[in-house]
Amino acid sequence: METPSYLSVQGLSKIYFGTTGGVQAANFELPEGSFFTLLGPSGCGKTTTLRCIAGLETPTRGIIRLGDRDFFNSATGANIPLNLRNIGMVFQSYAIWPHLTVFENVAFPLRVGREKYSSADIARMVGLALDSVDLAGLGKRSATQLSGGQQQRVALARAIVRKPSLLLLDEPLSNLDALLRDDMRAELKSLQGRLGVTTVYVTHDQAEALEMSDMIAVMRGGNIVQLGAPRDIYHDPVDGFVASFMGSSNIFPGTAEAAARAGAICAVQLVNGPRVLARARVDMAAGQSVVISVRPEDVTLVERHQTQDSQNALNGIVRSSGFLGPICNYHVEVGQLSIQARINSRTSFDKGAEIAAIFAADKALALPGDASPAS
Ligand SMILES: Nc1ncnc2c1ncn2[C@@H]1O[C@H](COP(=O)(O)OP(=O)(O)OP(=O)(O)O)[C@@H](O)[C@H]1O
Ligand SMILES: [Mg+2]
């Protein structure tokens, strides 16, 4: 049985007058409690989509429905104002007020909302919110006396204090340094799970998206180009753009030698490189331009005389190696190509070693489109 949709976004478009920016015909359905991420390069329309859901932006077309309420429906004219949507939001710049205490920052939505709360209720609700982000006891502090990570928690506490029906987070970790970001990533995910609040998260960081999300929408130029579980997007990207955006470092342009059905193994002549066997991601025509994507962890390095059974064995020379503890990262020169391999560090090859880079045909994807990670 299909999980019922909680947040439904259908044909959502926001076209800014006189520009090509915005978002075009976005569709997604989220079950209640899910963690959904809009992922893509700068300017691809992530914030625009989020602002439309929040009610900060009026869409040009489409439907945004939460539960059985139409937040926005261009066909019926429904458009619920943002203060009646009961949404918690954290912006990239936390936008906490420096002249207020931590307590008053978090209490703010309770004081300005339509619903009136007693002082006792406000104290209780703010206390719970501060507890849940591990800031209990800091209520009296001025917001300026907090670290970046603590300010980020205040912004989160403020977003959840009214028990929102939906949480929208726009790059909430981007102001933090790398270590803190990793910690906060796990913490945020666990808080979201405890609260069970359906969350739409925006980031351009693929590692963040992979680790946190139940489902990811990869966006490019205002369009959702792929929608799926992190595993599917990582291992089965629809095109060269998604593959490279999801961190695939071995992406090589080439030409399909013959027509092939989606899923079949096909031969591809790489530009300035050898001929390789790969799995066609979609139906391919003979002579079609494609890109090949092979994950560095799917490439193995062997002595040249050990390549007997390999479907793809490319003779190359080790140009560099980086020891990362459990694994070693190699760059191998194969003619004019540089192939990256990530292998168990117990095997080691010297710089300049003449080796073969091998990979199975079904681990190499032949994808339509170009490899450019540009927006
Ligand atoms: N108010 C506006 N008026 C005109 N164009 C806009 C407006 N807001 C955004 N755009 C354009 O719409 C496109 C999408 O912008 P958006 O802010 O949604 O991108 P983003 O994916 O959030 O990027 P970033 O990662 O840089 O925050 C961009 O081309 C942007 O220039
Ligand atoms: Mg943005």
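Positions are given from 1 along the sequence. Whatever order the structure lists them in is the order used to number ligands and atoms, beginning at 1. Since the structure is predicted, the reported quantities are computational estimates derived from the model, not experimental observations.
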Original post:
Does the separation of the ring centres of Tyr201 and Phe36 fall below 6.0 angstrom?
Top reply: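 No - the distance between ring centres of Tyr201 and Phe36 does not fall below the 6.0 Å cut-off.
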Original post:
Between Glu171 and ligand 1, which residue portion shows a heavy-atom distance shorter than 4.0 Å: side chain, backbone, both, or neither?
Top reply: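 It is the side chain that gets close, since no backbone atom is under 4.0 Å.
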Distance to 0.1 Å, residue and atom name: give those for the protein heavy atom nearest to [atom].
atom	value
atom 16 (P) of ligand 1	Thr48 OG1, 3.5 Å
atom 17 (O) of ligand 1	Thr47 CB, 3.7 Å
atom 26 (O) of ligand 1	Ser42 OG, 2.5 Å
atom 30 (C) of ligand 1	Gly21 CA, 4.8 Å
atom 14 (C) of ligand 1	Gly43 O, 3.4 Å
atom 1 (N) of ligand 1	Tyr16 CE2, 3.5 Å

Subject >> Protein contact for atom 24 (P) of ligand 1 (heavy atom, distance under 4.0 Å) >> reply: yes
**OP:** For atom 28 (C) of ligand 1, state whether the nearest protein heavy atom is under 4.0 Å away.
**Re:**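 Given the 4.0 Å cut-off, atom 28 (C) of ligand 1 counts as touching protein heavy atoms.
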Original post:
Regarding Arg295 and the six-membered ring of Tyr234, is the cationic atom NZ or CZ under 6.0 Å from the ring centre and inside 45° of its axis?
Top reply: yes
pair [X]-[Y]: side-chain heavy atoms closer than 4.5 Å:
X	Y	result
Leu337	Asn250	no
Phe72	Cys52	no
Phe359	Leu314	yes
Leu169	Val200	no

Original post:
Is Lys189 paired with Glu211 through a side-chain N to carboxylate O contact shorter than 4.0 Å?
Top reply: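 No salt bridge links Glu211 with Lys189.
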Original post:
Would you say Gly45 contacts ligand 1, with heavy atoms under 4.0 Å as the rule?
Top reply: yes
Original post:
Does an N or O from His204, backbone or side chain, lie closer than 3.5 Å to an N or O of ligand 1?
Top reply: no
Original post:
Can you find an N/O atom of Gly22 closer than 3.5 Å to an N/O atom of ligand 1?
Top reply: yes
**OP:** Using a cut-off of strictly less than 2.8 Å, determine whether Thr48 has an N/O/S atom near the Mg ion (ligand 2).
**Re:** no
Subject >> Within 6.0 angstrom of Lys116 NZ, more than 12 heavy atoms from elsewhere >> reply: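 Check passes, neighbour count above 12.
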Original post:
Closest approach of Thr307 and Ala313, non-hydrogen atoms and distance?
Top reply: CB-CB, 3.7 Å
